[in-house]
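One structure is given below, encoded as structure tokens.
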2 protein chains.
Amino acid sequence: MSDPANGSPPEFQKAATIYDVAERASVSIKTVSKVVNNLPEVSRATRLRVLTAIEELSYRPNQLARGLASQRSFMIGLFCDAPAAGSGYIARIQMAILTMCQKEGYHLIVECIHATNQNIAQQVHALVAQSKLAGVVLTPPLSDLPALVEALKATNTPIVRFSPETSQTDVIDVDIDNCQAAYDITKYLIGLGHQRIGFIRGPLDHADARARLEGYKKALEEAGIASRDDYCQPGNYTYKSGMQAGEKLLTLKDRPTAIFASNDDMASGVMASSLRYNLRIPQDLSVAGFDDAIFAYAMYPRLTTCRQPIGEMAEAAVSTLIHHGDKPVGLLRLPHKIIVRGSTARPSPAAT
Amino acid sequence: MSDPANGSPPEFQKAATIYDVAERASVSIKTVSKVVNNLPEVSRATRLRVLTAIEELSYRPNQLARGLASQRSFMIGLFCDAPAAGSGYIARIQMAILTMCQKEGYHLIVECIHATNQNIAQQVHALVAQSKLAGVVLTPPLSDLPALVEALKATNTPIVRFSPETSQTDVIDVDIDNCQAAYDITKYLIGLGHQRIGFIRGPLDHADARARLEGYKKALEEAGIASRDDYCQPGNYTYKSGMQAGEKLLTLKDRPTAIFASNDDMASGVMASSLRYNLRIPQDLSVAGFDDAIFAYAMYPRLTTCRQPIGEMAEAAVSTLIHHGDKPVGLLRLPHKIIVRGSTARPSPAAT
DNA sequence: CTGAAAGCGCTTACAG
DNA sequence: CTGAAAGCGCTTACAG
């Protein structure tokens, strides 16, 4: 197939280099470089000539050479603990980041870092030093690994963290207002006519779990509904813990007419437990979750929940990494969205 | 912070290069290169000296330089249509591929290619030519995009496809035996005592859907159970189509005591529809799915299903890409696994 | 607005 | 078993 001795121009076999383009356009490679990188200082006529040559040779700059020479690659790292785990939150972030990267002409390189790993610093060093990443996106629970963040800072790599526990300097954080979101859902349930609203909280060492609990209480208080301790059950964000909390809530004397679980996995558990007591959803019991997990749409009835604006968060993250320096450091809060579906309704007259 | 005028060795500020290591170990860079790449022809003593120097300087080879010089990068591309969509099948593949890559010292770069995109060839050219990918993994539905496969072949990039429709030359394919898997599930249901087993098939233009249907029929036939047309309903792999098929099956005069849906989304739909008829699962109706989707474990009761050995498939895929040439081209079939959970049980005496 | 030259940090024949 | 040199394909001061 290959024919090295062939005298004809190698337009087919070998990829064109910047030299080929320069020669064809009768300019220096410097000029080609400028055109490719969209720098000014090139006359319209020259630019057009170069562009034509690029087109004709279907030239693509070699990213490896570009990165080596400029000491920065066009790659953004996405560091995850377990990309495929959980309810798809991480997967959704990845998809959004990827879309943004492609829009900006960057590539996404995904790395798995185990939060329990000991010398993270070493691993990061290997990863970042080797590839000269243009920036790194951290997803939970990695957002809250001081060792990771420090190691990254030491390599002078820009960082964006998704939903971190606490804000930090030198770092950009993107998140939603969990308290407000929980407040909104609770208020929506109250607006529906519910007075007895159960709540299943997440682990209290998670800042988001605390914030959601706070939002729930705030909404009740504002509506003049006394909060009852037995209506607020603990959970740990798993399906099973949701089912257990559901059992407790549904066997209460004055059982709630609505249950708001702080995530979709637990909401799913509640729905499972409601089957045991022959409660129909949403006629006998309204259930709301949080996250808009993949399965929230595949269960019956579909789950009312809160969706994070992951697309916008990713957009903010990537553009911050690429144009970093323009944006201020700190926490960026983006607006969430309540998704109302079939699992919530007005309480039946009998229940109220 | 940085102090270029500082005379002390730059062990901290700047990353060590191969020259620094060579100097410290008193060898040429060639020798360092050999040690790093695990090539022979280096005496034990020298190798040890180099290794020590590498350790002391915490040297990491620059991947960009390595790639540029050798004309091949240590990156493997994972091409997906929509990484986050669906029931997590793609996400799981990604996780497995990623794990393998890290084990082999490669990086994973994820690219999103829309199957509907017109000139895929161009996009591939840009992607692969730019980054000199060591290999590419294709996931459905991209596995069956001739334009993609051809474009990739033209760049001489090794390819591995997950679950393609049809085998091809020059390409390695990994898959399970869908017919056998469906046969196994059906046989398991028969073994439980079910005689009236409904089936919901996938779209018949999918090879896997056809194979699963075939497996179902084969198991019935072997057991001497006549297959009934009204027990075999069409579906298109969505939750909704599963629910519709469920309605049809459950309103049949002799309704099935078990339903086997060709994927978990449809199985989930069946379970939803069963609620309408006050059928308890698994007491009144057994339901089995296929895929072991993320939510299969989060529903109630948990779904009996078939899991693909994604870890092994990924292992085969990556090692094939890296050591390609060693392995034969063609289709590699790996063993599936039936996961029995709470959604299936013996039929109740009344029903049989 | 454009060129010539050095250099990014490796690998790879080619010698010895 | 090891060295010296060229080259991978770009970018980036430095000149003009």
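Residue numbers begin at 1 in each chain, while the letters A, B, ... track the order of the sequences.
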To the nearest 0.5 Å, how far apart are [atom1] in [X] and [atom2] in [Y]?
X: Ile18(A); Y: Leu57(A); atom1: CD1; atom2: CG; answer: 12.0 Å
X: Leu145(A); Y: Glu150(A); atom1: CG; atom2: CD; answer: 11.0 Å
X: Asn62(B); Y: Tyr59(B); atom1: CG; atom2: OH; answer: 8.0 Å
X: Ile109(A); Y: Phe79(A); atom1: CD1; atom2: CZ; answer: 8.0 Å
X: His107(A); Y: Met75(A); atom1: NE2; atom2: CE; answer: 5.5 Å
X: Glu104(B); Y: Ile76(B); atom1: CD; atom2: CD1; answer: 8.0 Å

Interatomic distance, [X] [atom1] vs [N] [atom2] [rounded to whole Å]:
X: Leu68(B); N: dG7(D); atom1: CG; atom2: C1'; result: 9 Å
X: Phe74(B); N: dG9(C); atom1: CZ; atom2: P; result: 18 Å
X: Glu23(B); N: dG9(C); atom1: CD; atom2: C1'; result: 15 Å

Strictly under 4.0 angstrom, non-hydrogen atoms only: write out the protein contact profile of nucleotides 10-16 of chain D, one letter per nucleotide from the 5' end, B, S or -. BBBBB--
Looking only at the side chain of Val27(A) (C-beta and beyond, no hydrogens), which of the listed nucleotides dC1(D), dG3(C), dC1(C) gets closest?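 The closest nucleotide is dG3(C).
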Any donor-acceptor pair under 3.5 Å linking the side-chain atoms of Gln94(B) with those of Gln94(A)?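 Gln94(A) vs Gln94(B): donor-acceptor pair found between side chains.
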Stems involving DNA chain C, each a run of at least 3 consecutive Watson-Crick or G-U pairs under 3.5 Å: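 Stem list for DNA chain C: C:1-3 with D:14-16, C:5-12 with D:5-12, C:14-16 with D:1-3.
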Does atom CD (Glu23(B)) have a neighbourhood of more than 12 heavy atoms from anything else shown, all under 6.0 Å?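 It does not: Glu23(B) CD has 12 such atoms or fewer within range.
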Return no unless some side-chain N or O of Thr31(A) is found under 4.0 Å from OP1 or OP2 of dC1(C).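 The answer is no; no side-chain N or O of Thr31(A) sits under 4.0 Å from OP1 or OP2.
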Just N and O in the side chain of Gln71(B): are any of them under 4.0 Å from OP1 or OP2 of dG9(D)?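 Result: yes.
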